[in-house]
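Notes to accompany the following structure.
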Amino acid sequence: MDGTMLQQKLYRGYARAAERTGLSYRLYRATSALGPMTGAPLATLPAAFSPQDYAFDHPQGYGKAVWQALFDGCQAAVGDILVGPKTYFVAALQALLPILAVEAPHVVDLRRPFRETGVGYHTKSR
């Protein structure tokens, strides 16, 4: 057995565990920075999140946003977004290590302010 096959088996095991313990999440892959969750999701899959070691025996500590995720990692890439009861983005998919996800409780919309130009518009010079 090589590393690729072992990784696939590990992700299949994560998917089976998530089927039993997780909730339904939609998996999105951003196609633009202006609307990362627009369009149809790549997949709908069960996912579960644990503070550490998949023990599910205590809550996440205050101020900590990193979670270990259980879901089918074969379908995901770093930067993908999971939307369900909460929102997470995939931070790391390292070989033979737990999937790391970061809780993203807020969506931020950044835009450049409109600036008028033309005759009669004056800007202050410093």
Exercise: identify the closest heavy-atom pair between [X] and [Y]:
| X | Y | value |
| --- | --- | --- |
| Ala48 | Ala18 | N-CB, 4.4 Å |
| Phe71 | Ala47 | CB-CB, 3.8 Å |
| Ala69 | Ala101 | CB-CB, 4.2 Å |
| Ala15 | Asp72 | CB-CB, 3.8 Å |
| Val102 | Ala91 | CG2-CB, 3.8 Å |

| query | Hey, does Thr87 have a side-chain heavy atom less than 4.5 Å from the side chain of Tyr28? | reply | no
| Does the side chain of Tyr25 come within less than 4.5 Å of Pro46's, by heavy atoms? | no
If you round to the nearest 0.5 Å, how far is [atom2] of [Y] from [atom1] of [X]?
| X | Y | atom1 | atom2 | answer |
| --- | --- | --- | --- | --- |
| Ile99 | Gln94 | CD1 | CD | 11.0 Å |
| Tyr14 | Leu45 | OH | CG | 15.0 Å |
| Gln75 | Asp80 | CD | CG | 10.0 Å |
| Leu70 | Glu19 | CG | CD | 11.5 Å |
| Thr44 | Leu82 | OG1 | CG | 10.5 Å |

| task | Sort out for me which residue in Arg29, Arg26, Met37 forms a side chain to side chain contact (heavy atoms under 4.5 Å, CB included) with Ile81. | result | Met37
| Tyr88 ring center within less than 6.0 Å of Phe49 ring center | yes
| said: Is it the case that the side chain of Gln7 and the backbone of Leu96 share a donor-acceptor pair, with hydrogens and angles ignored and the cut-off at 3.5 Å? | reply: yes
| said: Side-chain heavy atoms nearer than 4.5 Å, only ILVMFWY residues, links allowed to pass through others: does that put Leu6 and Leu97 together? | reply: no
